[in-house]
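The structure under discussion appears below in the form of structure tokens.
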Amino acid sequence: MRRLVGYGRFVGAEATAALGQLYAVVRLYGNLFQPSFKLQEKTRIGARVIKRYHPPVPP
């Protein structure tokens, strides 16, 4: 969220309402339209762990 609105301080009821509305929209965007990676396999070689993922697809 901070990447979208910045790191400044927001004070007051108006700022709280505006951030709440923005958060609702950003949450839907991130949960419904952003591609996600699913873990396909995890292999351990000594102390090293190699992870392979399925191609990203939207949920």
- Task: Using side chain to side chain contact (heavy atoms under 4.5 Å, CB included) as the criterion, list what pairs up with L32, not counting sequence neighbours.
- Result: L28

- Query: So how far is it from T43 OG1 to E41 CD, rounded to the nearest 0.5 Å?
  - Reply: 4.0 Å

- Message: Other residues, nucleotides and ligands only: do more than 12 of their heavy atoms fall within 6.0 Å of CZ on F10?
- Response: yes

- Query: Residues two or more places apart in sequence or in another chain: which of them pass side chain to side chain contact (heavy atoms under 4.5 Å, CB included) with P35?
  - Reply: P56

- Message: Going by side chain to side chain contact (heavy atoms under 4.5 Å, CB included), name the residues that satisfy it together with Y53, two or more places apart in sequence or in a different chain.
- Response: F37, L39, K51

- Message: For the CD atom on E14, are there more than 12 heavy atoms of other groups (residues, nucleotides or ligands in this structure) within a distance under 6.0 Å?
- Response: no

- Note on the structure: For R44, the side chain to side chain contact (heavy atoms under 4.5 Å, CB included) test, sequence neighbours excluded, returns V49

- Mind checking what makes side chain to side chain donor-acceptor pair (under 3.5 Å) contact with Q40, not counting sequence neighbours? none

- Query: Does Q34 have any side chain to side chain donor-acceptor pair (under 3.5 Å) partners at least two apart in sequence or in another chain, and if so, which?
  - Reply: Y29

